[in-house]
Amino acid sequence: MTAQLVAKIIAFVLYLGVMIFVGLRSASKNNSSADFFLGGRKVGPWVTALSAEASDSSAWLLMGLPGLCYLGGVQESIWTAVGLILGTYLSWLFVAKPLRKCSITYGDSITIPEFLSNRFADKTHLLSIVSVIFIVLFFTIYTASGFVACAKLFNSVFGLNYHAGLAIGLVVILCYTVTGGYTAVCTTDFIQGMLILVAFVISTIIALFAIGGIPQAANVFTNFKEVAGTELQAFNGMGIVSALAWGLGYFGMPHIIVRFMGIRSNGEIKKARRIGIIWMIISYIGAILIGTLGVVYLKGHGIILSAGDAETVFSATMQQMYPAFIAGIFLCAILAASMSTADSQLLAASSAVSQDIFKGLIKKDADEKTVLNVSRFTVFLIALIALLLSLNPNSSIFSLVSFAWSGFGGTFGPLILLALYWKRTTAAGAIAGLVCGGIVDVVWHYIPATVSPIFGLYEIVPAFLACLVVTVVISLCTKPNEEVVSKFAEYKNMED
């Protein structure tokens with residue numbers, strides 16, 4: 001074992017140890033399900049903002065997106081980043097404060113399925129059941145992408161067997177998610193968000209100077225084929241629409257919008273929004289620059305990555321750029337991105353099962369301890385299923401995230417917006433829209449573009465529109481609940 005390898009191992013062990021410590025330290029703060037799932041609505045703006053953005057960005061920010069750039073998908077990466085940044089801003093602007101107020105007004109809801117059921121007065125519980133099914137389905141796929149990233153990272157850095165890397169990622173994430181709940185997840189996400197930011201800022205500056213400064217960097221973008229030996233991927237109008245449509249996902253991501261419900265006060269949302277947007281802009285610029293400039297930087301060190309290894313461009317660049325221990329610390333940013341998303345998704349999915357299905361339908365008189373135990377068991381079970389989905393070493397992080405992202409955006413996004421801005425929405429409309437959006441998303445995803453060019457459009461667009469239109473039409477055809485409508489005025493008049 002070389003000294004360099006030992007230094008990297010020490011860096012990773014220190015990082016993972018801190019994450020587990022935070023989880024164990026936060027465990028004593030969970031006295032109720034509201035504490036475990038929402039932190040008692042006591043989380044400040046800095047932690048809320050960085051937790052929301054770090055859990056959103058996932059490993060695809062440090063592996064999937066740079067890998068796409070490395071292979072010539074620079075235009076797609078840029079348009080996707082623009083869509084995501086716009087989506088983040090609009091979500092903070094139009095969803096954050098109204099959702100916090102509305103979730104308190106309608107039964108002090110602490111999960112998204114519970115909020116939807118309370119907001120639309122669904123007496124059949126169908127809305128909760130369908131919501132939980134979609135949440136578990138898409139979060140399992142999303143969590144699998146995080147495990148894949150962990151495995152690829154350990155393989156590229158330590159030469160560790162892919163499946164051994166999966167096991168390590170699983171154990172660490174389970175340790176602090178199961179014990180610490182929402183507070184631990186938000187705190188670790190804050191740490192991970194700061195690490196990702198620092199890694200991008202410093203590494204981008206070094207890469208710029210290493211290849212000859214801004215003029216040479218501009219040359220890389222304008223002469224990508226000559227520099228990289230790879231054609232820039234063709235990108236047409238439909239591709240731009242699909243890339244920008246990623247922004248629609250923010251309106252329906254349970255693990256992101258639940259952060260809006262958990263912030264300490266309405267007055268701190270504007271500050272949190274600014275922090276989150278600045279983080280997003282810096283991080284996405286860094287991801288695109290590392291993925292693109294990494295082509296030149298690595299070639300200068302005699303390294304050319306194959307198409308299958310393109311998603312390791314960030315880790316390969318870090319290992320060439322820094323001494324072993326520093327490289328190990330910055331490589332933990334990839335681990336941070338994977339873990340910050342996986343832990344948030346596991347917590348959101350487990351809260352849906354334990355709070356909305358177990359306590360809401362199966363055992364309504366369950367005490368807090370039982371609900372927490374069911375939640376922890378659910379975290380464990382979903383993680384194991386996600387592990388099975390990630391066993392294939394050739395799994396694409398970008399593809400897994402893309403499918404899960406469209407699933408949430410196309411199903412929950414329209415419902416959240418209608419819940420906050422249209423009092424006439426009914427439970428029947430919400431159920432029909434949710435089911436229709438989910439079906440359209442899955443079917444569209446599996447129809448190849450060879451059938452018709454229209455199926456090359458990102459599935460989040462038709463799913464979002466289907467859910468929106470069906471919800472509105474069915475709501476207009478059914479009678480609204482008068483109590484729900486009157487409560488809507490109470491929510492609107494709640495003090496900011």
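We number each residue from 1, following the sequence as shown.
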Looking only at side chains, do [X] and [Y] share a donor and an acceptor under 3.5 Å apart?
X	Y	answer
Ser128	Asp356	no
Asp367	Thr370	yes
Ser375	Ser350	yes

Of all the heavy-atom pairs spanning Gly410 and Ile460, show the shortest one and how long it is.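 That closest heavy-atom pairing would be N-CG1, 4.0 Å.
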Of all the heavy-atom pairs spanning Val130 and Val435, show the shortest one and how long it is.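 Heavy atoms of Val130 and Val435 come nearest at CG1-CG2, 3.9 Å.
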Not counting sequence neighbours, which residues clear ring pair (Phe, Tyr, Trp, His ring centres under 6.0 Å) with Phe200? List them please.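 Phe200: ring pair (Phe, Tyr, Trp, His ring centres under 6.0 Å) contacts with Phe314.
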Do side-chain atoms of Ser145 reach the backbone of Tyr142 as a donor and acceptor pair under 3.5 angstrom?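 Side chain of Ser145 to backbone of Tyr142, a donor-acceptor pair under 3.5 Å: yes, one is there.
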Tell me whether Ser242 contacts the main-chain N or O of Tyr458 through its side chain, where contact means a donor paired with an acceptor under 3.5 Å.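 A pair under 3.5 Å: yes.
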Before giving the answer on side-chain contact (heavy atoms from CB on, under 4.5 Å), spell out for Phe138 and Phe134 the whole-Å C-alpha distance, their side-chain angles and the decisive distance to 0.1 Å. CA-CA 6 Å; Phe138 291 120; Phe134 280 131; 3.7 Å; yes
Just say parallel, tilted or perpendicular for the rings of Trp444 and Phe455, cut-offs at 30° and 60°.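 Trp444 and Phe455: tilted rings.
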Look at the aromatic rings of His445 and Phe403 and report parallel, tilted or perpendicular, splitting at 30° and 60°.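 If you compare the ring of His445 with that of Phe403, the planes turn out parallel.
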Give every residue pair that meets the ring-ring contact (aromatic ring centres under 6.0 Å, His included) criterion with at least one member in residues 87-127, sequence neighbours excluded.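 Residue pairs with at least one partner in residues 87-127: Trp92-Phe260.
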At what distance, to the nearest 0.5 angstrom, does CG of Leu99 lie from CD1 of Ile416?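 One gets 6.0 Å once the value is rounded to the nearest 0.5 Å.
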Pairs where residues 485-494 contributes a residue and the test side-chain hydrogen bond (donor to acceptor under 3.5 Å, both in side chains) is met, not counting sequence neighbours: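 Every candidate side-chain hydrogen bond (donor to acceptor under 3.5 Å, both in side chains) pair involving residues 485-494 fails, so no pair, neighbours aside, qualifies.
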In terms of heavy-atom contacts, does CZ of Phe377 have more than 12 from other residues, nucleotides or ligands at under 6.0 Å?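 Incorrect, the count does not exceed 12.
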